[in-house]
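For reference, the structure is listed below as structure tokens.
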Amino acid sequence: MEELGHWINGKRVAGTSGRFADVYNPATGEVQAKVALASKAELDSAIADAAEAQKAWGATNPQRRARVMMKLVSLLNRDMDKLAEALSREHGKTFPDAKGDVQRGLEVIEFCIGAPQMLKGEFTDSAGPGIDMYSMRQPLGVVAGITPFNFPAMIPLWKMGPALSSGNAMILKPSERDPSVPLMLAELCQEAGLPDGVLQVVNGDKEAVDGILDSEVIQAVGFVGSTPIAQYIYERAAASGKRAQCFGGAKNHMIIMPDADLDQAADALVGAGYGAAGERCMAISVAVPVGEETADRLIEKLVPRIEKLKVGPYTAGDDVDYGPVVTAAAKANIERLVQSGVDQGAELVVDGRGFSLQGYEDGFFVGPHLFDRVTPDMDIYKTEIFGPVLSTVRAGSYEEAIGLALSHEYGNGTAIFTRDGDTARDFANRINIGMVGINVPIPVPLAYHTFGGWKKSGFGDLNQHGPDGFRFYTRTKTITSRWPSGIKEGGEFNFKAMD
Ligand code: NAD
């Protein structure tokens, strides 16, 4: 069986801790590889080498670092299919979806080609007599990225791009559930010209994560994952004086106003609710139709669309709508929550329970579910399910609908479908959620804007990618300088001042 180790000092190395985690093929349920789980000693050695490598990399001029990013873009394009295939095999998402995962990461690397522009600082001439003032952005040194299973290409690239192009060295600790693609990305970085040791991929679990959090060398931690771990990482990183940005889970609401185009809204809900088996932090998991008539018509349009969804392995072709979920444990958790919805009185309008796919009976497939008449006290409303389960909460008015989203503990993304500009504008202004779509169900900002949630979906300051990505992985130094002036006021040369 394949053993996946770490990427240290420019090469793949086997783990030495003797601890491993299983890596599944979610479509078949088989263990297809084992990934090494780093010990603290392995991590510390990777960090020490990264600190050494960072010195020269941080001193390299920004344009040269940008050229590495430029080369990396072309290599990601060259290997797109290969990366997507490895990604689908470990994650389970469809092939087009896996390509999208690589593509959205690649776009951040494209943005990072602009590193010299992002880093060039500010200058004030003659801030006082003979005084100039300038600010520069310097790399932090060694930084870390800790990433989740659901975007094993995109999120590591979101971390690596700004961190590396700013002159840092990075310890990347990817998810142990799909570690192949991050290792392949490290190989591509080397091919693109990144010096050895500047990017270290350390696979592992809590032991490696805690080692990162307690390290005195690592200066910043960028985390993406579930909310309890995000909060834990934020607190423990801060306790040792690190900069931390920790993005967590979500429960994204889509409000459907009575004037909305309901066909468009239903199509959007099916894509945003069930795409990638609902394993997206920007998935819509709650539909909030306003008014009974809107709700009835929406459900009528949703049911046939959901029943038509094609669930299958990524090898079954590009018309598969979604694949299996990532592990048997994830599947069991979804099934438990679906049952709680039934037990707590929600109406299961599309029942995906007992779904099985011929030839893939041991795969982690979950049929699509649609709940109606969900209420805010139910577990399926309060909890992030992270599966192909859409809950409908009927609201009597716009105020009641926006009130639901305002008071939910998560604040990652949200959307409103309406033809009314006033309502849309009011929603965008009042909502306490980081990313908002108006007739757009998954409002993921492009690479040159920034990505981040509010409330329990994001701890710390500054968002991911865009200008914030560079701000997070650099710090500002401001220099005030005064030189004796040889020029008299009025422009006449003062020779005496030169003596
Ligand atoms: P997770 O929290 O289980 O794991 C994320 C990372 O934390 C992994 O690298 C994992 O090894 C590590 N980890 C797990 N348990 C740990 C522990 N006890 N101590 C220390 N480290 C630990 O998340 P996941 O299941 O991989 O990813 C899915 C979650 O990520 C969902 O909640 C999803 O909403 C969220 N997510 C959020 C965003 C965002 O931008 N807000 C984006 C993608 C995913």
Inset, instruction - Go through the steps to decide whether Glu384 and Lys251 satisfy the test salt bridge (charged side-chain N to carboxylate O under 4.0 Å, His left out), and finish with yes or no. - result: CA-CA 6 Å; Glu384 180 185 46; Lys251 196 78 182 173; over 6 Å; no
Legend entry - 4.5 Å side-chain heavy-atom contact, Val389 and Ser285: no
Legend entry - Distance in Å, His449 NE2 paired with His465 NE2, rounded so as to fall on 0.5 Å steps: 10.0 Å
Legend entry - Side-chain donor or acceptor of Arg177 paired with backbone N/O of Phe149 under 3.5 Å: no
Inset, instruction - Check whether any side-chain heavy atom of Ser180 sits under 4.5 Å from a side-chain heavy atom of Leu4, and report yes or no. - result: yes
Inset, instruction - Examine the side chains of Thr418 and Asp420 and answer whether a donor and an acceptor come within less than 3.5 Å of each other. - result: no
Inset, instruction - For side chain to side chain contact (heavy atoms under 4.5 Å, CB included), just list the numbers for Leu157 and Met160, CA-CA rounded to whole Å, side-chain angles, deciding distance to a tenth of an Å, and then say yes or no. - result: CA-CA 5 Å; Leu157 288 167; Met160 286 154 51; 4.0 Å; yes
Inset, instruction - Could you tell me whether the side chain of Asn203 reaches within less than 4.5 Å of the side chain of Glu176, counting heavy atoms only? - result: no
Inset, instruction - Taking the six-membered ring of Phe223 (Phe, Tyr or Trp), confirm whether the NZ or CZ of Lys173 is under 6.0 Å from its centre and within 45° of its axis. - result: no
Inset, instruction - For the pair Thr147 (side chain) and Leu172 (backbone), establish whether a donor and an acceptor sit closer than 3.5 Å, ignoring hydrogens and angles. - result: no
Legend entry - Salt-bridge contact Lys82-Glu85 (side-chain N to carboxylate O under 4.0 Å): no
Inset, instruction - Decide, yes or no, whether a salt bridge links Asp263 with Arg305 under the criterion of side-chain N to carboxylate O below 4.0 Å. - result: yes
Legend entry - Whether Lys242 side chain and Leu213 backbone form a donor-acceptor pair below 3.5 Å: yes
Inset, instruction - Go through the steps to decide whether Lys455 and Ser457 satisfy the test side chain to side chain donor-acceptor pair (under 3.5 Å), and finish with yes or no. - result: CA-CA 5 Å; Lys455 300 191 276 184; Ser457 299; over 6 Å; no
Legend entry - Pairwise distance OG(Ser240) to CD1(Ile212) - rounded to 0.5 angstrom: 11.5 Å
Legend entry - Criterion side chain to side chain contact (heavy atoms under 4.5 Å, CB included) on Tyr274 and Asp321, from CA distance to verdict: CA-CA 8 Å; Tyr274 301 92; Asp321 290 296; over 6 Å; no
Legend entry - Side-chain touch Glu90/Asn25, heavy atoms, less than 4.5 angstrom: no
Inset, instruction - Give a yes or no answer on whether the side chain of Asn252 reaches the backbone of Gly413 with a donor-acceptor pair at less than 3.5 Å. - result: yes
Legend entry - From Met257 atom CE to Thr294 atom OG1, the distance as rounded to the nearest 0.5 Å: 8.0 Å
Legend entry - Over 12 foreign heavy atoms within 6.0 Å of CZ, Phe95: yes
Legend entry - For Glu235, salt bridge (charged side-chain N to carboxylate O under 4.0 Å, His left out) partners two or more places apart: none
Inset, instruction - Before accepting this row, confirm whether a basic side-chain N of the pair Asp205/Arg19 lies closer than 4.0 Å to the acidic partner's carboxylate O. - result: yes
Legend entry - Stepwise side chain to side chain contact (heavy atoms under 4.5 Å, CB included) check, Tyr314 with His91: CA-CA 10 Å; Tyr314 76 95; His91 177 285; over 6 Å; no
Inset, instruction - For the pair Lys99 and Asp81, find out whether any cationic side-chain nitrogen is under 4.0 Å from an anionic carboxylate oxygen. - result: yes
Legend entry - Backbone N/O of Ala98 and side chain of Ser88: donor-acceptor pair under 3.5 Å: no
Inset, instruction - Test Tyr24 against Phe364 for ring pair (Phe, Tyr, Trp, His ring centres under 6.0 Å), laying out the working first. - result: CA-CA 10 Å; Tyr24 290 90; Phe364 312 136; 5.7 Å; yes
Legend entry - Criterion ring pair (Phe, Tyr, Trp, His ring centres under 6.0 Å) on Trp454 and Tyr410, from CA distance to verdict: CA-CA 7 Å; Trp454 291 12; Tyr410 290 115; over 10 Å; no
Inset, instruction - Measure up the Phe355 and Phe365 rings against each other and bin them: parallel (under 30°), tilted (30 to 60°), perpendicular (over 60°). - result: tilted
Inset, instruction - Decide if the gap between the ring center of Tyr381 and the ring center of His408 is smaller than 6.0 angstrom. - result: yes
Legend entry - Backbone N/O of Asn463 and side chain of Gln245: donor-acceptor pair under 3.5 Å: yes
Legend entry - Test item: side-chain donor near acceptor, Asp379 and Gln344, under 3.5 Å: yes
Legend entry - Carboxylate-amine/guanidinium contact Asp422 Arg425, below 4.0 Å: no
Legend entry - Arg394 bridged to Glu292 by N-O distance under 4.0 Å: yes
Legend entry - side chain to side chain donor-acceptor pair (under 3.5 Å) evaluation trace for Asp468 with Tyr473: CA-CA 9 Å; Asp468 274 9; Tyr473 285 117; over 6 Å; no
Legend entry - Pair Asp461 + Arg243: basic N to acidic O under 4.0 Å: no
Inset, instruction - Hey, could you give me the CE/CG distance between Met184 and Leu75, rounded to the nearest 0.5 Å? - result: 12.0 Å
Legend entry - Any donor-acceptor pair under 3.5 Å from Asn432 side chain to Leu406 backbone: yes
Legend entry - N/O donor-acceptor pair under 3.5 Å between Thr383 side chain and Ile385 backbone: no
Inset, instruction - Answer yes if the side chains of Gln231 and Lys456 hold a donor-acceptor pair under 3.5 Å, and no otherwise. - result: no
Inset, instruction - Without swapping roles, check the side chain of Asp101 against the backbone of Asp97 for a donor-acceptor pair under 3.5 Å. - result: no
Legend entry - salt bridge (charged side-chain N to carboxylate O under 4.0 Å, His left out) between Lys382 and Asp377, intermediate numbers included: CA-CA 7 Å; Lys382 291 189 281 195; Asp377 54 315; over 6 Å; no
Inset, instruction - Working to the nearest 0.5 Å, report the span between CG of Asn150 and CD of Glu279. - result: 7.0 Å
Legend entry - side chain to side chain donor-acceptor pair (under 3.5 Å) between Asp343 and Gln339, worked out: CA-CA 6 Å; Asp343 295 344; Gln339 194 52 45; 3.1 Å; yes
Legend entry - Atom pair CG (Leu298) and CE (Met254), whose distance is rounded to the nearest 0.5 Å: 7.5 Å
Inset, instruction - Check side-chain contact (heavy atoms from CB on, under 4.5 Å) between Phe111 and all other residues, then give those that pass, not counting sequence neighbours. - result: Met118, Ala447, Tyr448, Pro467, Phe470
Legend entry - Heavy-atom closest contact (Ser165 atom, Leu119 atom, distance): O-CD1, 3.8 Å
Legend entry - Results of side-chain hydrogen bond (donor to acceptor under 3.5 Å, both in side chains) for Asn429 - residues two or more places apart only: none
Legend entry - Min side-chain heavy-atom separation Phe451-Trp158 under 4.5 Å: yes
Legend entry - Other residues, nucleotides, ligands: >12 heavy atoms within 6.0 Å of Glu361 CD: yes
Inset, instruction - Would you please test Thr423 and Ile416 for side chain to side chain contact (heavy atoms under 4.5 Å, CB included) and show each step? - result: CA-CA 9 Å; Thr423 310; Ile416 187 164; 4.0 Å; yes
Inset, instruction - Taking Thr392 for its side chain and Phe371 for its backbone only, find out whether a donor-acceptor pair lies under 3.5 Å. - result: yes
